[in-house]
Amino acid sequence: MKSIKTMWKHVRRSPYQALAAILIMSLTFLSISFFSFVIFGSSRVISYFESKPQVTAFFKEDATQENIDGLADAVKQSGKVASVKFVSKQEALELYKRQNQDDPLLLDLVTEDILPASLEIATTRIEDLNDVSTQLQQSPFVSEVVYQKDVVDTLSSWIGALRKIGFVLTILLATVSVFIMVIIIGFKISQKKDEIEVMRLLSATKWYVRWPFLLEGIFYGVIGALIGWVISTGTLLYATPLLESFLKGIPLLPVSPLFLIVLLVAELVLAVILGAFSSFLAVLRYLK
Amino acid sequence: MIQLVEVTKTFGTGSSGIENVSLSIDRGEFVFLVGPSGSGKTTLLRLLIRDMVPTKGLISVNNVNIGNLPSDKIPHLRKQIGVVFQDLKMLTDRTIFENILLPLEMAGISDNEAKKKAEDIMSQVGILDHAHKFPVQLSGGELQRAAIARALVFSPDILLADEPTGNLDNTTSWEIIKILQDINKAGTTVLMATHNMDVVVSLNKRTVTLEKGKIAQDTKKPVKSEKEEKEGKEHSEKKHHEEKKEPEGEAEVKKEEESK
């Protein structure tokens, strides 16, 4: 309790240094929150695409229902398939009509006969797309195979790059904030050198002197984490309507409150670790 | 109680603070440590609170060898020894009350108990009225009393006072000496480093003289014969007569000494 009081006195007596420490911590946690949203969101987007039918095999005119069922069974037996859905000529027309209901000209041009029957196949893993696609192409009843591998591949590589950038940037900011905190707390220790000397001569233990500085680091970390989280979450919630219209059809938003709470708790834990680590380094460096 | 056996402290520059000092001080003694500046008085006091480690020799306090005391035991040693520092070392951004409360806070004593102890000790040295003033608002004598109060909060076995009357006028010096004598009478061993030979001669206590880091003289018994003491008293009286007014503290101290 005494250490907390002393820590608070340290903070109050040098507000600009405290502000600098809190700002750098806020920036770090703002970046961590932002990249957590991107990583969480992108994982959900990939999952969405992976769960969608990724391969569509269109059948020739002469393919019978027996031929189609046989091929569907063969694909299922490969063990790489999550689901197989048969779309008949009639269903294809219905779907076409729904998608183009606002364009009567397009509706007039298309009849049930020109739309082929198809199989929509989802694989359990994105890596299996090639094998399933090859198997379908080898069938004499299949006229064309279309799959979204390229889209997912591009998205995956973008997300992978984003994750790497986020990770590197977070590590960089965390390192910078640790160094700045070491400098700020070290400076405070230097300012209080005489006071610390007196305390030691008056029988203070090492930890009596150290605790307020350690708590100060933790305080800056926790306040920085809270500010970073509040700003990033506030921005996300504010931008949710806009993002929802942009990501139409992908069930990503609104972000679950549980995710936000888990993120806050994780950031607070990280803040305590970063704050304590920085002040401990300062204490080791300046309080010998 | 305090024992130094052939203690030498050499500094990094090669100069020695003290050299082959052997000294034994019993419980309840009042000992003056005198000598010119740089003779090693402060070094000796700093060695006794383990603010320095001796280069050679053995130092024991209450039968504990403090030379090889682990660092986590040093706070415990410092609780047994109250120190009035030459530069007082009062924290300027805290009130006198907070300064005196500090060692008690560090010891983890409850707020109420610490407050009561601090008030008691401040009342004992006569600075209770200045409790909520800051050090800059106090006179030299009042600050010296505050430093003594802070040194006494743990009721230590030993009190080390480094030049407690330095820079004080005669009247205030005697008031401080009176306080130290009272503390000594209550059973605390007092070791006082001083340049004030008037006080040393008048009080007629054991005096250890340091010169160039070595003990030049140790009067295990009071330094003066009755004749010398009488002469010393006459000298002091004459001197104070010249100052027109005899300080109350000195008169009181002398009276006590004479009654012994």
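Owing to the predicted nature of the structure, the values given are computational and were not obtained by experimental measurement. Note on naming: letters A, B, ... go to the chains in the order of the sequence lines (proteins, then strands), and numbering restarts at 1 for each one.
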Side chains of residues 178-189 of chain A: which donor-acceptor pairs under 3.5 Å do they make with residues two or more places apart or in other chains?
unit_1, atom_1, unit_2, atom_2, d
A/Lys188, NZ, A/His10, O, 3.1
A/Lys188, NZ, A/Ser14, OG, 2.7
A/Lys188, NZ, A/Glu216, OE2, 2.6
A/Lys188, NZ, A/Tyr220, OH, 3.1

Donor-acceptor pairs are to be reported for all side-chain atoms of residues 111-121 of chain B against protein atoms at under 3.5 Å, with residues two or more places apart or in another chain.
unit_1, atom_1, unit_2, atom_2, d
B/Asp111, OD1, A/Lys2, NZ, 2.7
B/Lys116, NZ, B/Asp120, OD2, 3.2

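- Inspection of the B/Glu142 and B/Ser139 side chains reveals an N or O donor paired with an N or O acceptor under 3.5 Å.
- Residues of residues 60-85 of chain B that come closer than 4.5 Å to chain A, counting heavy atoms only, are B/Ser71, B/Pro75, B/Arg78, B/Lys79, B/Phe85, ordered by residue number.
- B/Arg50 does not touch chain A: none of its heavy atoms, backbone or side chain, sits under 4.5 Å away.
- Scanning residues 256-281 of chain A against chain B with a 4.5 Å non-hydrogen threshold yields no residues.
- Only the side chain of B/Arg150 comes within less than 4.5 Å of a heavy atom in chain A; its backbone stays farther off.
- There is no side-chain donor-acceptor pair under 3.5 Å between B/Thr165 and B/Ser173.
- In terms of heavy-atom proximity, A/Ile231 sits nearest to A/Thr235 at O-OG1, 2.6 Å.
- In summary, B/Asp51 and A/Arg200 do not engage in a salt bridge, as defined by a charged side-chain N under 4.0 Å from a carboxylate O.
- Residues B/Phe30 and B/Arg206 fail the side-chain proximity criterion, which asks for heavy atoms closer than 4.5 Å.
- Taking a 6.0 Å sphere around CH2 of A/Trp207, one finds it holds more than 12 heavy atoms contributed by other residues, nucleotides or ligands.
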If you apply the rule salt bridge (charged side-chain N to carboxylate O under 4.0 Å, His left out), what do you find for B/Lys89 with A/Glu197, and how did you get there?
CA-CA 9 Å; B/Lys89 295 196 188 297; A/Glu197 173 68 11; 5.4 Å; no
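- The side-chain heavy atoms of B/Phe134 and B/Met90, taken from C-beta on, include no pair separated by under 4.5 Å.
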